[in-house]
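Notes for the one structure printed next.
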Protein chains: 2
Amino acid sequence: MLAKSTEYAIRALVFIQLQNWQDKRTGVVEIAKEIEAPEAFTAKVLQTLTKHRIIASMKGRGGGFFFTETSDQMTLFQVIQVMEGESIFHKCGFGLKNCSDANPCPMHDKYRTIRDGFFAIAQSETIHSLSRKVSEGKAVLNRVSFLN
Amino acid sequence: MLAKSTEYAIRALVFIQLQNWQDKRTGVVEIAKEIEAPEAFTAKVLQTLTKHRIIASMKGRGGGFFFTETSDQMTLFQVIQVMEGESIFHKCGFGLKNCSDANPCPMHDKYRTIRDGFFAIAQSETIHSLSRKVSEGKAVLNRVSFLN
DNA sequence: TTATAAAAGGACAACAAGGTCTTTATATAA
DNA sequence: TTATATAAAGACCTTGTTGTCCTTTTATAA
Ligand code: FES
Ligand code: FES
């Protein structure tokens with residue numbers, strides 16, 4: 001569904017949010033480890049997010065990535081848009097050049113329902129809302145095992 | 001959502017079904033033109049479908065692709081499975097190694113609903129049901145314009 | 001029986017996504 | 001002011017998907 005880079009972005013943002021709530025600023029190395037993603041690639045993802053003001057960054061000693069007040073309450077939709085665009089929310093499920101109510105493909109009615117449902121999730125869920133679930137222990141950020 | 005090759009496969013199958021209903025057997029060239037896909041690539045897709053008995057084929061003059069009685073009523077799920085596997089129906093939307101009710105990611109509840117909804121569509125819709133919509137004029141197979 | 005029209009198969013080319021590495025810029029601490 | 005820790009940037013590599021081309025097989029018609 002989502003591109004791998006988008007998944008990394010979302011997981012990284014949730015982790016950064018959790019760290020921020022503990023008044024910690026965190027860097028690439030720690031983030032990559034936590035979200036179980038390759039370090040250099042995570043750096044690129046964070047660079048993209050920073051360039052688009054989803055998060056802010058500080059270079060040098062004690063630097064790292066963090067949310068500002070204005071970059072807070074970011075919706076999943078905004079993150080997806082920045083990472084891979086929003087074509088996923090407009091695409092025809094049957095592969096036609098565009099999706100059209102007036103000239104529907106045979107999957108249109110049902111596919112559109114699903115696609116719009118996903119759009120609704122992307123609009124209603126935020127980095128905040130996801131992070132809250134994790135901090136309340138209702139959800140997990142990774143599958144790091146305690147064994148080994 | 002679906003791989004391009006899967007989309008080509010579904011569109012091709014619908015067209016073959018429509019042709020079969022008119023007692024016509026059709027070949028790669030015509031299929032590729034109708035579904036607006038590259039000819040050589042369409043040939044590969046049809047080869048895969050034939051190998052997995054989704055459709056049957058005949059070589060030589062007057063040959064082409066067609067459904068048999070046993071390959072009829074194929075669900076979208078079966079086509080997807082053959083073309084790209086079924087990982088799409090099991091994947092964690094947040095990118096974790098696996099999806100788990102017991103150990104959910106923060107997107108799990110909502111994402112699972114969407115994913116399962118898509119699975120339900122894939123199970124309930126068939127090449128038959130899609131083709132019927134097209135033959136009844138309720139849906140279109142392509143976006144070929146009448147202008148030009 | 002031969003020519004022809006088709007699918008099957010295999011090799012490979014093009015492109016996009018994912019991923020790595022090295023250098024540069026910048027902030028902080030000693 | 002210098003050493004160090006960090007992000008930014010750019011060049012590159014790897015892999016998977018999409019797409020092409022050429023040869024082989026097989027059925028039909030002449
Ligand atoms: S026209 Fe295909 S999904 Fe809308
Ligand atoms: S655990 Fe992520 S979708 Fe189920």
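In what follows, chains are A, B, ... by sequence order, proteins preceding strands, each numbered from 1.
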Bounded by its outermost nucleotides with an atom under 4.0 Å from a heavy atom of chain B, the footprint on DNA chain D reads dT18(D) to dA29(D)
Measuring from atom CD1 of I35(B) to atom OG1 of T42(B), what distance do you get when rounded to the nearest 0.5 angstrom? 4.5 Å
Pick the closest DNA chain D nucleotide for V29(A) and for R61(A) by heavy atoms, then say which residue is nearer the 5' end. R61(A)
Find the distance M58(A):CE to dA25(C):P and express it as a whole number of Å. 19 Å
Run the salt bridge (charged side-chain N to carboxylate O under 4.0 Å, His left out) test on E30(A) and K24(A) for me, step by step, so that the C-alpha distance in whole Å, both residues' side-chain angles and the decisive distance to 0.1 Å come before the verdict. CA-CA 12 Å; E30(A) 199 187 356; K24(A) 288 180 197 159; over 6 Å; no
So, N103(A) versus H108(A): side-chain donor-acceptor pair below 3.5 Å or not? no
Taking the nucleotide of DNA chain C with the nearest heavy atom to each, does G62(A) or A3(A) sit closer to the 5' end? A3(A)
Proximity to DNA chain D (any heavy atom under 4.0 Å), residues of residues 38-50 of chain A only: K44(A), Q47(A), T50(A)
How close or far is atom C1' of dG9(C) from atom NZ of K59(B), stated in whole angstroms? 9 Å
I want to check one thing: is the phosphate of dA7(C), taken as OP1 and OP2, less than 4.0 Å away from some side-chain N or O of S57(B)? no
What is the distance, to the nearest angstrom, from the NZ atom on K4(B) to the C1' atom on dA16(C)? 11 Å
Starting from the C-alpha separation in whole Å, work towards a yes-or-no answer on side-chain contact (heavy atoms from CB on, under 4.5 Å) for V134(B) and Q17(B). CA-CA 10 Å; V134(B) 175; Q17(B) 179 68 87; over 6 Å; no
Which residue lies more 5' along DNA chain C, comparing Y8(A) with K51(B) via nearest heavy atoms: K51(B)
Scan residues 41-65 of chain A for pairs that pass ring pair (Phe, Tyr, Trp, His ring centres under 6.0 Å), counting only residues two or more places apart or in two chains. Y8(A)-F41(A)
For atom CD of E84(A) and atom P of dA16(C), their distance in whole Å: 16 Å
Would you call the rings of F89(B) and F77(B) parallel, tilted or perpendicular if under 30° counts as parallel and over 60° as perpendicular? tilted
Any side-chain donor paired with an acceptor under 3.5 Å for T6(B) and E84(B)? yes
Measure the CD1-CG distance between I88(B) and L2(B) for me, rounded to the nearest 0.5 Å. 5.0 Å
Donor-acceptor pair, distance only, cut-off 3.5 Å: does the side chain of Q78(A) make one with the backbone of T75(A)? yes
Rounded distance in Å - CD (E30(B)) to P (dA5(C)): 16 Å
Quickly work out the M83(A) CE to dG19(C) P distance and round it to whole Å. 12 Å
